[in-house]
2 protein chains.
Amino acid sequence: MSKEITIYDIANSLKISPATVSRALNNHDAISTNTKALIHAKAEEMGYRSNKFASNLRKQKTNTIGVIVPRLNSTLMSTILAGMEKVANEAGYNLLITQSLESFKKEISNVKTMFNSRVDGLMVSVSYDTEGYEHFRSFIDKNIPLIFFDRTLDKSECLNIVIDNIKGGYDATKHLLEQGCKNIIHVTGNLKRNVYADRMRGYQQALAEFGVPFKQHNIFETDLTTEAGRKVVQAIKLSEEKIDGVFVTNDFCAVTCMGMLKKMGYSIPKDIAVVGFNNDPLTEIITPSLSTVYYPGKEMGEIAAKSMINHLNGLMDIGHTNYIVLKSELIVRDSSSRLPKN
Amino acid sequence: MSKEITIYDIANSLKISPATVSRALNNHDAISTNTKALIHAKAEEMGYRSNKFASNLRKQKTNTIGVIVPRLNSTLMSTILAGMEKVANEAGYNLLITQSLESFKKEISNVKTMFNSRVDGLMVSVSYDTEGYEHFRSFIDKNIPLIFFDRTLDKSECLNIVIDNIKGGYDATKHLLEQGCKNIIHVTGNLKRNVYADRMRGYQQALAEFGVPFKQHNIFETDLTTEAGRKVVQAIKLSEEKIDGVFVTNDFCAVTCMGMLKKMGYSIPKDIAVVGFNNDPLTEIITPSLSTVYYPGKEMGEIAAKSMINHLNGLMDIGHTNYIVLKSELIVRDSSSRLPKN
DNA sequence: CTGAAAGCGCTTACAG
DNA sequence: CTGAAAGCGCTTACAG
């Protein structure tokens with residue numbers, strides 16, 4: 001392990017002060033171009049690397065943004081993260097990423113870690129069973145910027161970056177109704193979470209608008225896994241009332257359901273029309289292609305990171321904004337197209 | 001922004017020395033249980049949080065592991081990352097994650113960032129067009145542990161965590177041959193990368209074993225996107241020699257091909273049998289289900305992180321190991337099952 | 001345009 | 001079991 005070069009080594013070898021070396025390395029205005037060039041060359045030659053800890057300790061800033069997601073391995077989340085990473089990296093910020101694995105307890109511990117790591121800001125999509133935001137108190141008290149994205153909390157005074165989930169649910173359901181569906185079930189996730197609760201509200205609104213009575217037993221609150229899909233399909237089969245439409249709040253689960261329905265002899269969309277959510281790439285490559293609600297994951301990640309960085313750099317104050325709602329829209333494909341397209 | 005509490009504040013308020021506070025907070029043996037309890041309580045009461053920069057600066061250690069992946073938003077990579085995060089988090093390490101977006105240039109810059117962030121170790125899956133490992137020189141010179149996973153480099157003296165890609169390619173191809181395929185094309189990624197080059201070698205070995213001549217024009221070196229799939233299917237259609245087997249080195253692209261082939265009237269597996277790679281969850285939910293090679297992504301992430309942490313904690317020396325090869329195996333499903341299963 | 005000096009908040013070898 | 005003191009490598013207000 002070779003010795004680390006410091007600004008003192010550079011200063012000594014150039015017979016100047018460490019202060020000047022520090023300034024030159026940070027491209028401070030007050031240093032002459034000559035001196036700068038000299039110092040940069042020497043630094044390069046000696047294999048110098050800045051010590052971020054010393055710098056952070058002195059500047060009381062970390063250039064690191066924390067991110068907590070429910071799971072890393074979901075198409076949506078990894079797409080959002082990709083967007084965040086891109087923006088953060090370009091702006092010279094690092095991302096510290098952890099996953100709550102849908103556990104409130106783990107989320108609390110993740111928040112603590114982020115706090116102790118002194119991230120300059122924190123971006124969070126909450127877990128399935130998160131209750132309240134007391135565990136973010138430390139961030140709020142210290143005025144450390146906090147942004148929620150996708151899954152947000154009620155009554156949050158922080159910036160929330162979302163899509164209009166009510167509209168998403170409404171559009172999907174309305175579309176199914178327009179295609180002639182009379183009895184539409186809704187397969188969703190934990191209704192504690194805004195994304196699922198709002199989509200269901202949209203579902204209810206559309207039903208009401210079309211004069212279709214809402215039935216509680218048509219709501220399947222699940223964990224959206226393959227297993228959940230299996231149970232839903234079983235229920236469809238055993239149902240006394242004919243089910244002719246399915247609105248699933250997640251593409252992967254929707255595709256699972258479609259596959260099983262097909263195997264059981266249902267024709268899609270003729271017997272049962274299906275709409276998913278997120279516009280996962282897989283929706284386009286399966287047969288029939290899955291109608292879905294476009295979810296701007298990459299954009300959401302980029303905008304969240306951009307907002308955070310602008311705030312940190314004083315170019316913007318996220319304290320004044322409560323919601324940023326991104327555009328999202330229904331994409332009609334084969335799984336729900338019963339009528340001739342116009 | 002409330003003032004940060006330091007060990008000095010705790011020391012003053014308790015009329016003891018900061019050294020004792022530091023020791024107590026780190027559960028040092030030499031501090032009496034009483035004093036420890038007292039200090040911990042006070043720290044809690046005052047809202048103390050340790051300053052990692054000061055601590056890192058002093059200890060010359062960061063408790064942070066860097067990870068560079070080609071893309072965050074790929075099923076395989078996000079699964080690997082999930083495994084890494086789990087292990088790292090449990091061991092009290094943080095993960096600094098960046099993506100190279102398949103660009104050698106960006107990878108070089110990522111490595112530099114990691115170096116300057118003084119990660120304790122670095123885990124990398126290289127980009128499409130990475131050449132050599134000169135850009136890791138700084139890590140090697142400083143003896144900072146470096147682990148490659150999935151996509152590795154030739155002649156690397158570091159620890160590489162991989163699956164047996166040759167065997168994977170061999171198994172897939174052999175299976176297609178056993179199912180009666182006479183003319184199998186192979187759709188793959190950049191052949192500079194071990195994963196793709198090795199799978200092709202396996203493909204060639206199986207052909208050779210069955211006395212089937214290898215034809216260069218049966219190799220499609222692509223970027224494995226939907227567009228690439230489209231071109232391959234076009235080529236299949238226009239081909240003068242009948243093509244009856246497709247081995248694609250990535251499930252998503254395989255599914256894309258399957259979808260288009262079906263639309264063009266091909267029956268799968270009767271006309272054309274298809275095998276993918278990775279065992280992406282989507283392989284099970286499409287119709288016909290896709291035969292594929294199981295890839296232990298989560299395990300790979302866990303083992304990489306575990307190896308790194310054990311090395312950092314002195315429990316193991318990765319300097320003595322060159323390769324860790326994880327188990328992986330062919331999973332036969334409907335897309336390639338022409339013979340009755342035994 | 002450059003320097004001297006203080007201080008960011010810890011940890012630890014040394015001493016008792 | 002506890003303390004005094006030095007030092008990790010920077011940055012910056014102040015002075016010139």
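What's counted below: heavy atoms across the whole structure, side chains too, no hydrogens, waters or symmetry copies. Letters A, B, ... mirror the listed sequences (proteins, then strands); counts begin at 1.
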Exercise for review: Find the distance A/Lys61:NZ to D/dG9:P and express it as a whole number of Å.
Suggested key: 23 Å
Practice item. Please check if atom CG in A/Asp154 has more than 12 non-hydrogen atoms from other residues, nucleotides or ligands closer than 6.0 Å. Key: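 For A/Asp154, atom CG is not crowded (no more than 12 foreign heavy atoms under 6.0 Å).
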Exercise for review: Can you tell me the distance, in whole Å, between the CG atom of B/Asn27 and the C1' atom of D/dT2?
Suggested key: 16 Å
Point to revise | Between D/dT12 (C1') and A/Arg23 (CZ): distance, integer Å | key: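 That distance rounds to 7 Å.
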Study note, to complete from the structure: A/Phe53 CZ to D/dG9 C1', in whole Å, measures 11 Å
**Study point:** Any-strand Watson-Crick or G-U partner of C/dA4, both distances under 3.5 Å
**Key:** none
Exercise for review: Take atom CG of A/Leu57 and atom P of D/dG9, then tell me their distance rounded to the nearest Å.
Suggested key: 12 Å
**Study point:** Atom-to-atom span, CD of A/Gln60 to C1' of C/dC10 - whole angstrom
**Key:**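 From A/Gln60 CD to C/dC10 C1': 12 Å.
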Exercise for review: Would you mind classifying the nucleic acid contact of A/Tyr8 as base, sugar-phosphate or nothing, using non-hydrogen atoms under 4.0 angstrom?
Suggested key: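 Since a base atom lies under 4.0 Å of A/Tyr8, the category is base.
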Point to revise | Side-chain N or O of B/Thr20 closer than 4.0 Å to phosphate OP1/OP2 of D/dT2 | key: no
Check your understanding: At under 4.0 Å between heavy atoms, what does A/Asn56 touch on the DNA or RNA strands: base, sugar-phosphate, or nothing?
Key -> nothing
Exercise for review: Before accepting this row, confirm whether a basic side-chain N of the pair B/Arg151/B/Glu107 lies closer than 4.0 Å to the acidic partner's carboxylate O.
Suggested key: no
Review point. Would you call A/Asp129-A/Lys192 a salt bridge at under 4.0 Å N-O?
Key: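 No salt bridge links A/Asp129 with A/Lys192.
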Exercise for review: Can you figure out which of D/dA4, C/dC10, C/dT2 approaches the side chain of A/Ile31 most closely?
Suggested key: C/dT2
Check your understanding: Could you state the CD1-C1' distance from B/Ile39 to C/dC10, rounded to the nearest angstrom?
Key -> 15 Å
Revision key, fill the gap. Heavy-atom nearest nucleotide on DNA chain D taken for B/Arg118 and for B/His28; more 5' hit belongs to B/His28
Practice item. Would you check if there is a donor-acceptor pair between the side chains of A/Asp9 and A/Tyr48 at a distance under 3.5 Å? Key: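 There is no such pair (donor and acceptor under 3.5 Å, judged by atom type) between the side chains of A/Tyr48 and A/Asp9.
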Check your understanding: Choosing from D/dG9, C/dG9, C/dC1, which nucleotide comes nearest the side chain of A/Ala30?
Key -> C/dC1
Check your understanding: Among D/dC10, C/dG3, C/dG9, which is the nearest nucleotide to the side chain of B/Ala54?
Key -> C/dG9
Point to revise | 5' priority, DNA chain C, between B/Ser55 and A/Thr35 [closest heavy atom] | key: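 Comparing both residues, the 5'-ward one is A/Thr35.
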Review point. To the nearest angstrom, how far is A/Glu4 atom CD from D/dC10 atom C1'?
Key: 13 Å
Practice item. Please round to the nearest 0.5 Å and tell me the distance separating atom CG of A/Asn73 and atom CG of B/Leu81. Key: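 Taking CG in A/Asn73 and CG in B/Leu81, the distance rounds to 9.0 Å.
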Practice item. With heavy atoms under 4.0 Å as the rule, sort A/Ser32 into base, sugar-phosphate or nothing. Key: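 Counting heavy atoms under 4.0 Å across all strands, the contact made by A/Ser32 is with sugar-phosphate only.
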Check your understanding: Distance between the C1' atoms of D/dG16 and D/dT12, in whole angstroms?
Key ->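 It comes out at 16 Å once rounded to the nearest Å.
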Practice item. Check every atom of C/dT12, D/dT2, D/dC10 against the side chain of A/Tyr48 and return the nucleotide holding the closest atom. Key: D/dC10
Check your understanding: Between A/Glu102 and A/Arg193, is the closest basic N to carboxylate O distance under 4.0 Å?
Key ->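 Between A/Glu102 and A/Arg193 there is no salt bridge, as every charged N stays at least 4.0 Å from the carboxylate O atoms.
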Review point. Of the nucleotides C/dC10, C/dA5, C/dT12, which has the atom closest to the B/Lys59 side chain?
Key: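 Nucleotide nearest to B/Lys59's side chain: C/dT12.
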